[in-house]
Amino acid sequence: MPDAILRLALLSPLRNLFDYRAPADVPLAQLQSGVRVRVPFGHRKTIGIVIEVTDHSTVPVEKLKSALAILDVTPLLPPSLLKLCLWAAQYYQHSIGDTLSLALPALLRQGELAEDRQERFWSMAPGVRLDDPRLTYAPRQRETLAIIAKHPHGIANQLLSKLLLSRASLNLLLAKGLVQVEIRKHNTSQRHSHWLAQPELPLNSEQSAAYKAIRASFDSFHAFLIAGVTGSGKTEVYLQLIHETLQSGKQALVLIPEINLGPQTIARFKQRFHAYIALMHSAVNNRERLKSWLAARDGRVDIIIGTRSALFTPMQNPGLIIIDEEHDSSYKQQEGVRYHARDLALVRARQEGIPIVLGSATPSLESLHNAYKGRYGLIHLNERAGNAKQPRFIRLDIKSYQLNSGISKPMQQAIGQTLAIGQQVLVFLNRRGFAPTLLCYNCGWMSECLRCDARMTVHQRYSELRCHHCGYAEQMPHHCKQCGIVDLHPVGAGTERAEEHLEILFPAYPVLRVDQDSTARKDAMNKLLATIQKNQACILLGTQMLSKGHHFPLVTLVSILDADSGLFSSDFRGSEHMAQLIMQVAGRAGRANEPSKVIIQTHFVNHPLLIQLTEKGYLAFAKQMLKERCSANLPPFTHLALLRAEAHKPGQAENFLDKAYSTAEYLLSKLNLTSIELLGPVPAPMERRAGRYRAQLLLQAMSRAPLHKLLNSWLITLEQIPGSRKVRWSLDVDPIDLY
Ligand code: ADP
Ligand code: ZN
Ligand code: ZN
């Protein structure tokens, strides 16, 4: 077929596919969807993935450029994963190329061979002589060839440096056809039956019921939500399900929110199994990532543990997907392809025909809703495993108290009493820095960021004002920028200030601060943990970093300094997030026999949501929230898509969105779509950020199908709106914040 045309997705944000003529010398059998192709594009070369092989194009064939080379002998991705990427591109309305990039390690995107270098063997090409005339003036290559000649069975790639063979010479010899490289696949791991490196814990009755329910649905798609309080033994259930998966010769994929915070989890997996466990996260280098990726694809990896994008790891023999802490917002990518790894994991599990388990002590309202609707099996673990007791919650009314660095008198007393009996205290304040703003008492000037509609945070330690939204920083001013008087005062409290104050209040005890600033240095977190594990009275103070991953068994008092900002957040998910944070932080404490106490400072002790949360628990709170969401027509009862736009000049973004609004309105009537509301355009809650003016248009739909029907047509028109190039815009399907 001389006219084979390759329809390619280029690895770029470009939404359309591009047609190229197939290279002349490539056998037809090698032209398959899913292989990489190197092609000319403008003045450079780039890489595309074959989506379709066809014999026609809307462009006249003679105008089509020829592809330069096919880079793969067989498709890179298993068909099911390619299908998942295509599905995601369509669902999130993003380019197929960018979506496929998520599934490909960097080295493959750069055109490297899809092979593990360690599987390479170098040997002399047949019929080559050591005195080949092409080497007369190349003594180093001659020497290299001589060494290779001594190893008729080939030299493994990792031995090259031991034999002092230079890679440069080898590559030159390879180019001349004097040596050859051969891939010898590692043995696929011996499937054995002794997976356990340590005995499994005997499950308690709740765990056992959970395990049995999920096990009964192995080998087909089923979704489960384990709503299990922290410490109820969810991880133990995962481990035993994975054991079952390994025993049936299959692979397991485990997603966790953030790798820095999850070393304890990973260590538990490693201790439990004799298995090839591959880690997939941002700190893994490119070479290592490619190696794991290939090994997972070829079925040699047994367990894949990773963050968000690990969802796209290919598996030859998938058996189980687990999403730990499924409520965590880090599963949602906030740029480029704005996918939600949990949601896509469900799609993947369905496509692969395997079970998926979502677990959390504080499930998202989305997942709970799905479970209540019967779409997921709902499993409760209400008791802590082992002996640990549930914490007791106390709402502390601070209306009549003055806060000093965020801390009220009664809170101070409670902290003091706990320390005095030799126990540890965890103080939670979700705001880093010294104070959220600097105020001039004389004229009322405040430290506004020049580039954002936001105040700059006081960072005392560095004597700086910093904007947490755009990263801008400046020297702390000595006098007011407006009136010149020296009367500037930090207002409010962040962790730095609370730390300073706690050190003054309790000089006999160490105060350990955990936030983005204090743990920026490598190892800082480990040092902190080491101190905490010393079992001495101390104060642990920090932001939401404390709510993830680590457990603090010796903490018996949790002090929540501010719950009100969450209750009255402008974002509709504000209270859900606050409740999750409070419960997660509370759950980190007190695993030993000692029951722990959680004291929450609030101006609104009678707030119904806070009462539900503290007296009836998270699920009662969530039910209440679901009712509110239902009556307000908010997710999960409706479906949202948010078109965000930003531009250098005021008005430009709104202008663009006005036009977008009109085309959406037109399409709604043309396509005869109902029950979709267009809300806006309005300025973003923080209108100016990093020097750009931002606005947004919200689409709210009662069901997904019409919404997606609209989006499919709408997105194409957006690119054609005059002036759209001056505006940076993006569409967020199922946004997690409206910010
Ligand atoms: P979660 O993942 O729900 O937070 P974990 O699986 O980490 O809970 O369990 C909490 C603690 O209880 C861990 O120290 C774990 O070793 C222990 N544990 C879990 N299951 C059991 C069990 N069946 N018997 C005894 N201890 C258990
Ligand atoms: Zn002033
Ligand atoms: Zn700023």
Side-chain angles (χ1 to χ4, degrees), residues 198-211 226-242 254 256-257 261-262 264-269 271-272 322-326 357-363 379-390 436-457 464-474 477-489 547-553 583-584 586-593 686-694:
Q198 66 176 190
E200 299 183 314
L201 298 173
L203 298 178
N204 66 29
S205 60
E206 282 187 332
Q207 284 174 315
S208 168
Y211 173 81
I226 303 186
V229 299
T230 13
S232 58
K234 294 184 289 297
T235 311
E236 184 61 36
V237 175
Y238 304 155
L239 287 166
Q240 301 202 10
L241 289 169
I242 290 171
V254 182
I256 58 178
L261 308 165
Q264 288 177 338
T265 311
I266 294 167
R268 272 172 81 182
F269 281 73
Q271 281 158 13
R272 177 62 58 89
I322 287 169
I323 315 286
D324 192 23
E325 309 290 5
E326 67 85 30
V357 179
L358 314 180
S360 174
T362 53
I379 294 169
H380 292 286
L381 300 181
N382 297 320
E383 299 297 322
R384 283 190 167 187
N387 298 322
K389 302 258 179 334
Q390 292 273 28
T437 187
L438 189 66
L439 172 70
C440 172
Y441 279 8
N442 183 51
C443 75
W445 174 86
M446 282 190 262
S447 54
E448 307 259 348
C449 176
L450 290 175
R451 315 198 308 147
C452 307
D453 291 332
R455 312 249 163 80
M456 295 209 281
T457 301
E464 270 183 358
L465 293 175
R466 290 184 187 174
C467 175
H468 289 181
H469 302 283
C470 70
Y472 177 77
E474 64 180 41
H478 176 62
H479 48 255
C480 176
K481 291 192 179 177
Q482 193 163 274
C483 70
I485 303 279
V486 183
D487 200 6
L488 294 174
H489 302 267
S547 70
K548 299 188 190 184
H550 298 290
H551 293 294
F552 310 106
M583 297 316 270
Q584 290 288 343
R588 305 289 139 189
R591 286 228 163 167
N593 294 328
M686 183 191 300
E687 186 176 6
R688 211 163 45 98
R689 179 166 174 176
R692 288 167 185 270
Y693 294 84
R694 313 177 323 141

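Residues take their numbers from the sequence shown, with the count starting at 1. Ligands are counted one by one from 1 in listed order, and the atoms in each one are counted from 1 as well.
The closest donor-acceptor contact from the side chain of E383 to the backbone of S232 lies at 3.5 Å or more, if one exists at all. One N or O on the side chain of R588 and one on the backbone of Q584 form a donor-acceptor pair closer than 3.5 Å. Looking only at distances, a side-chain donor or acceptor of Q240 sits under 3.5 Å from a matching main-chain atom of L201. Q207 contributes a side-chain N or O that, together with a main-chain N or O of N204, makes up a donor-acceptor pair within less than 3.5 Å. No donor-acceptor distance shorter than 3.5 angstrom exists from the side chain of N442 to the backbone of D487, with no hydrogens or angles considered. Remark: the backbone N or O of G359 is not paired with any side-chain donor or acceptor of K234 at under 3.5 angstrom. A donor-acceptor contact shorter than 3.5 Å is absent between the side chain of R455 and the backbone of S447.
M456 has its side chain out of reach of L438: every pair of non-hydrogen atoms, C-beta onward, lies at least 4.5 Å apart. The shortest side-chain heavy-atom distance between F269 and T235 falls under the 4.5 Å cut-off. Counting heavy atoms from C-beta outward, Y238 and V254 have side chains that stay 4.5 Å or more apart.
Within a radius of less than 2.8 Å around the Zn ion (ligand 2), the protein N, O or S atoms are C440 SG, C443 SG, C480 SG, C483 SG.
The two atoms that bring G691 and R688 nearest to each other are C-CG, 4.4 Å, heavy atoms only.
Residue-level proximity to ligand 1 for L201 is carried by the side chain, the only part with a heavy atom below 4.0 angstrom. At a heavy-atom distance under 4.0 Å, only backbone atoms of P202 (N, CA, C or O) approach ligand 1. The residue E206 has no part lying near ligand 1, judged by heavy-atom distances below 4.0 Å.
The nearest non-hydrogen atom to atom 4 (O) of ligand 1, considering only G587, G231, G233, comes from G231. Comparing R268, Q207, E236 against atom 7 (O) of ligand 1, the shortest heavy-atom distance belongs to R268.
Of all atoms in ligand 1, listed by their number and element, those nearer than 4.0 Å to a heavy atom of N204 are 23 (N).
Neighbours of the Zn ion (ligand 3) restricted to protein N, O or S atoms under 2.8 Å: the count is 4.
In this structure, G228 does not count as a contact residue of ligand 1, since none of its heavy atoms falls inside 4.0 Å of the ligand.
The pair E687-R694 does not meet the salt-bridge criterion, since no charged nitrogen lies less than 4.0 angstrom from a carboxylate oxygen.
For the side chain to side chain contact (heavy atoms under 4.5 Å, CB included) with E326, the qualifying choice from T362, V357, L358 is L358, the only one to do so.
Distances between N or O atoms of T230 and those of ligand 1 include no value under 3.5 Å.
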